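Reviewing the structure listed below.
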Amino acid sequence: QTHGGGGAALGGAIFNDGGGVRILNSTFTGNSVYRGDSGGGTADNGADAGGAIFSLNGHLSVLNATISGNHSTGSGGGVVLVQTSASVLFVLNNTIISNNSLKECSIVGSTITGSGAGNLIQNNDNCLGVVATADPQLGPLQDNSGFTPTMAISTTSSAWNTADAGTSLASDQRGQVRPAMNGRFDIGAFELCEIVGILVRPCPPIKFGVAETEPLTMVISPPVGGSTTPPSGENDEPRSEEH
């Protein structure tokens, strides 16, 4: 009796086959790859790699990303780049790759060129530019202002103030200007900005994010006694920050 092998599972969020992928200020979490089981006998299970990103014979640039909480049934739950034919380019700068299982940043091949700087990788397998390996203590994926959810860090995170200044992007995923505190850059897609003392300037506003609002009800008494700005009724007004 003949038994079939299991199917492969590659690239939970991005699968790149011979193309060029450039990732800036992005958060990857909750992605996964599950290999297929064999049909029995001497047949093999399927291969799996790249719970977040898998790139085969293609160029890949990852700049100021946060890649955490992705999963693979084997190893390689984060980023896996494989080169089997023509040489490829891999650039990895100021990126968090954490809590994605074993070999969560892996490159396999003999003619891979590129660079790396300011990266936080917990379980590394040949990726360049590692400056920190401790758990970055990321917050949950949530609205931290901006167009898209992010995973925040705090001042106790190993990603705080440890990025490479020369390769850091000018703003984070939310539009927060970098650097935001102490003149030093943070690793990942989230740049922390908070008040830590009376000598620290207030955080600059997020340039391109969605302003937080709260309902404000305006009542005119008597009803014909005048006008207000905003007008009578319920209005969504920018939320003021108290420090």
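This chain uses plain numbering: 1 for the first residue, then up along the sequence. Since this is a predicted model, take the numbers as computed values, not measurements.
Defined by atom type and a distance below 3.5 Å, a donor-acceptor pair is present between the side-chain atoms of Gln173 and Thr148.
Side-chain atoms of Leu60 and Val88, non-hydrogen and from C-beta on, never get closer than 4.5 Å to each other. Looking at heavy atoms from C-beta onward, Thr66 lies out of side-chain contact with Thr150 at the 4.5 angstrom threshold. Contact annotation: the side chain of Ile14 approaches that of Ile23 to within less than 4.5 Å [non-hydrogen atoms, C-beta and beyond]. The shortest side-chain heavy-atom distance between Leu120 and Ser158 falls under the 4.5 Å cut-off. Looking only at side-chain heavy atoms (C-beta outward), Asn126 and Lys103 stay at 4.5 Å or farther from each other.
Rounded to the nearest 0.5 Å, atoms CG (Asn25) and CG (Asn64) are 5.5 Å apart. For the atom pair CG of Asn99 and CG of Leu138, the computed distance is 7.5 Å after rounding to the nearest 0.5 Å. Atom CG of residue Leu89 and atom OG of residue Ser55 lie 10.0 Å apart, to the nearest 0.5 angstrom. In this structure, OG on Ser68 lies 12.0 Å from CD on Gln137, to the nearest 0.5 angstrom. Atom-to-atom distance recorded for Leu92:CG and Leu81:CG is 10.5 Å, nearest 0.5 angstrom. A distance of 5.5 Å separates CG in Asn119 from OG1 in Thr95, rounded to the nearest 0.5 Å.
By the side chain to side chain donor-acceptor pair (under 3.5 Å) test, Ser110 is found to be paired with no residue, residues two or more places apart in sequence or in another chain being considered. Considering only residues two or more places apart in sequence or on other chains, Val131 meets the side chain to side chain contact (heavy atoms under 4.5 Å, CB included) condition with Ile187. The side chain to side chain donor-acceptor pair (under 3.5 Å) check on Thr111 picks up Gln83, with sequence neighbours excluded. With sequence neighbours excluded, the residues that form a side chain to side chain contact (heavy atoms under 4.5 Å, CB included) with Asn124 are Cys105, Ile121, Cys127, Val130. For Leu56, the side chain to side chain contact (heavy atoms under 4.5 Å, CB included) partners at least two apart in sequence or on another chain are Asp17, Phe54, Val82, Thr84. Shown here are the side chain to side chain contact (heavy atoms under 4.5 Å, CB included) partners of Asn70, two or more places apart in sequence or in another chain: Phe28, Asn31, Ala52, Ile67, Asn100. Ser157 is linked by a side chain to side chain donor-acceptor pair (under 3.5 Å) to nothing, counting only residues two or more places apart in sequence or in another chain. With sequence neighbours left out, Thr167 forms a side chain to side chain donor-acceptor pair (under 3.5 Å) with Asn94, Asp164.
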CA sep, side-chain torsions, deciding dist, call: Phe190, Arg174, side chain to side chain contact (heavy atoms under 4.5 Å, CB included): CA-CA 7 Å; Phe190 180 94; Arg174 304 166 300 152; 3.4 Å; yes
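For residues 129-170, there are no disulfide bond (SG atoms under 2.5 Å apart) pairs, not counting sequence neighbours. Every pair tested for disulfide bond (SG atoms under 2.5 Å apart) that includes a residue from residues 146-190 fails, sequence neighbours excluded, so the list is empty. Listed by first then second residue, pairs satisfying salt bridge (charged side-chain N to carboxylate O under 4.0 Å, His left out) with a partner in residues 176-186 read Arg178-Glu191, not counting sequence neighbours. Residue pairs meeting the disulfide bond (SG atoms under 2.5 Å apart) criterion with at least one member in residues 129-178, sequence neighbours excluded, do not occur.
Under a hydrophobic-cluster definition in which Ile, Leu, Val, Met, Phe, Trp and Tyr are linked whenever side-chain heavy atoms come within less than 4.5 Å, directly or via other members, Trp160 and Met151 are assigned to the same cluster. The hydrophobic cluster containing Val91 also contains Leu24, counting ILVMFWY residues as joined when their side-chain heavy atoms lie under 4.5 angstrom apart, directly or transitively. Ile53 and Ile97 end up in the same hydrophobic cluster when Ile, Leu, Val, Met, Phe, Trp and Tyr side chains are linked at under 4.5 Å. Neither Ile96 nor Leu128 shares a network with the other; the hydrophobic side chains, linked directly or stepwise wherever heavy atoms of I, L, V, M, F, W or Y lie under 4.5 Å apart, form separate groups for each. In the hydrophobic clustering of this structure, Leu102 does not group with Val33; members are Ile, Leu, Val, Met, Phe, Trp, Tyr whose side-chain heavy atoms approach within less than 4.5 Å, directly or through other members.
Annotation for Ser106 and Asp125: closest pair OG-OD2, 2.6 Å, computed over non-hydrogen atoms. The two atoms that bring Ser98 and Gln122 nearest to each other are CB-OE1, 3.0 Å, heavy atoms only. For Gly77 against Ser72, the heavy-atom pair with the smallest separation is CA-CB, 3.8 Å. Between Ala189 and Ser26, the shortest heavy-atom distance links the atoms CB-O, 3.8 Å.
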